Amino acid sequence: QEQLVESGGGLVQPGGSLRLSCAASEVTSDYSAIGWFRRAPGKEREGVSCMSNSEGDTYYSDSVKGRFTISRDNSKNTVYLHMNSLKPEDTAVYYCAATRTSSPYALYLCLNYYGIEYWGKGTPVNVAS
């Protein structure tokens with residue numbers, strides 16, 4: 001059974017926009033924090049944007065701050081990453097990940113302070129002309 005399923009990746013021109021979706025299954029719907037990570041060739045995995053279940057607790061990496069927005073639709077058990085003003089350097093495979101850590105902070109999820117119980121398989125984002 002797929003527990004986290006990403007979608008929405010694809011090819012987009014620089015300056016364009018894309019919305020990624022992460023759908024949680026019934027098994028993973030009780031996560032305490034969730035976020036988006038990306039892995040580009042030759043680079044370490046980077047925590048892009050994370051959010052905890054505490055209202056307003058979000059984190060964005062400096063490289064995407066002001067361009068990306070993380071949001072959640074609780075009725076659909078889905079988390080979104082709205083990506084605007086995309087740059088070629090944003091090209092990567094984007095992964096959704098979630099933790100059940102007690103009382104987590106979004107910042108520390110993205111900075112790898114917590115164990116992650118659930119990973120999606122990733123959705124590729126290619127920013128190119």
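Start at 1 with the first residue, then count along the sequence. These numbers come from the heavy atoms of this one structure, side chains and all, not from hydrogens, waters or symmetry mates. As the structure is a prediction and not an experimental result, all values here were calculated from the model.
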Colleague: About how many Å separate CD of Glu55 and CG of Asn53, when rounded to the nearest 0.5 Å?
Modeller: 11.0 Å

Colleague: Which atom names give the shortest non-hydrogen contact between Asp57 and Ala106, and what distance separates them?
Modeller: OD2-N, 3.0 Å

Colleague: Under a 4.5 Å side-chain heavy-atom rule over Ile, Leu, Val, Met, Phe, Trp and Tyr, are Met83 and Val48 clustered together?
Modeller: yes

Colleague: Any link between Tyr108 and Trp119 through a network of hydrophobic side chains (Ile, Leu, Val, Met, Phe, Trp, Tyr) touching at under 4.5 Å?
Modeller: yes

Colleague: Within a strict 4.5 Å, meaning less than it, do heavy atoms of the Tyr105 and Leu111 side chains meet?
Modeller: no

Colleague: Below 4.5 Å, heavy atoms only, C-beta onward: do Val12 and Ser17 meet side chain to side chain?
Modeller: no

Colleague: Would you say the side-chain atoms of Thr69 pair up with the backbone N or O of His82, donor to acceptor, closer than 3.5 Å?
Modeller: no

Colleague: Using only heavy-atom distances, determine whether the side chains of Ser63 and Glu89 contain a donor-acceptor pair under 3.5 Å.
Modeller: no

Colleague: Would you please test Glu6 and Trp36 for side-chain contact (heavy atoms from CB on, under 4.5 Å) and show each step?
Modeller: CA-CA 10 Å; Glu6 304 99 331; Trp36 291 93; 3.8 Å; yes

Colleague: Looking at Tyr80, I'd like to know if its OH atom is crowded, meaning that more than 12 non-hydrogen atoms belonging to other residues, nucleotides or ligands lie closer than 6.0 Å.
Modeller: yes

Colleague: Which heavy atom in Arg39 sits nearest to a heavy atom in Ala92, and how many Å separate them?
Modeller: O-CB, 3.4 Å

Colleague: So which atom in Ser103 and which in Tyr114 form the shortest heavy-atom distance, rounded to 0.1 Å?
Modeller: O-OH, 4.4 Å

Colleague: Under a 3.5 Å distance rule, please check whether Tyr94 uses its side chain to pair with a backbone N or O of Leu81 as donor and acceptor.
Modeller: no

Colleague: Report yes or no: does Asp90 contribute a side-chain atom to a donor-acceptor pair with the main-chain N or O of Lys87 at less than 3.5 Å?
Modeller: yes

Colleague: With a 4.5 Å limit on heavy-atom distance, are the side chains of Thr91 and Val125 in contact?
Modeller: no

Colleague: Return the minimal non-hydrogen interatomic distance between Ile116 and Ala97, and the atom names on each side.
Modeller: CG2-CB, 3.6 Å

Colleague: Can you give me the closest heavy-atom contact between Tyr60 and Phe68, atom names plus distance?
Modeller: CE2-O, 3.2 Å

Colleague: Could you tell me whether Arg45 sits above the aromatic face of Tyr95, with NZ or CZ closer than 6.0 angstrom to the six-membered ring centre and within 45 degrees of the axis?
Modeller: yes

Colleague: Nearest 0.5 Å, please: how far is CZ in Arg67 from NZ in Lys65?
Modeller: 12.5 Å

Colleague: Is the shortest side-chain heavy-atom distance between Ser49 and Ser61 below 4.5 Å?
Modeller: no

Colleague: Between Glu117 and Arg100 (salt bridge meaning N to carboxylate O under 4.0 Å), is one present in this structure?
Modeller: no

Colleague: How about Gln13 and Val127: do any of their side-chain heavy atoms sit closer than 4.5 Å?
Modeller: no

Colleague: Can you hop from Val64 to Val79 via hydrophobic side chains spaced under 4.5 Å?
Modeller: yes

Colleague: Assess whether side-chain contact (heavy atoms from CB on, under 4.5 Å) is satisfied between Thr123 and Val93, documenting all intermediate values.
Modeller: CA-CA 5 Å; Thr123 184; Val93 178; over 6 Å; no

Colleague: Going by heavy atoms in the side chains, are Leu109 and Thr99 under 4.5 Å from each other?
Modeller: yes

Colleague: How close do Cys22 and Leu4 get, counting heavy atoms only, and between which atoms?
Modeller: SG-CD2, 3.9 Å

Colleague: How many angstroms lie between OH in Tyr59 and SG in Cys50, if you round to the nearest 0.5 Å?
Modeller: 8.0 Å

Colleague: Consider only side-chain heavy atoms of I, L, V, M, F, W and Y, link residues closer than 4.5 Å, and tell whether Leu107 and Tyr31 are in one cluster.
Modeller: no

Colleague: Working to the nearest 0.5 Å, report the span between CZ of Arg19 and CG of Asn84.
Modeller: 12.0 Å

Colleague: Under 3.5 Å, is there a donor-acceptor pair between the Gln3 and Ser25 side chains?
Modeller: no

Colleague: Has Ser75 got a side-chain atom pairing as donor or acceptor with Asp73's backbone, closer than 3.5 angstrom?
Modeller: no

Colleague: Is there a path of hydrophobic side-chain contacts, each under 4.5 Å between heavy atoms of I/L/V/M/F/W/Y residues, joining Leu18 to Leu11?
Modeller: no

Colleague: Has Ser32 got a side-chain atom pairing as donor or acceptor with Thr101's backbone, closer than 3.5 angstrom?
Modeller: yes

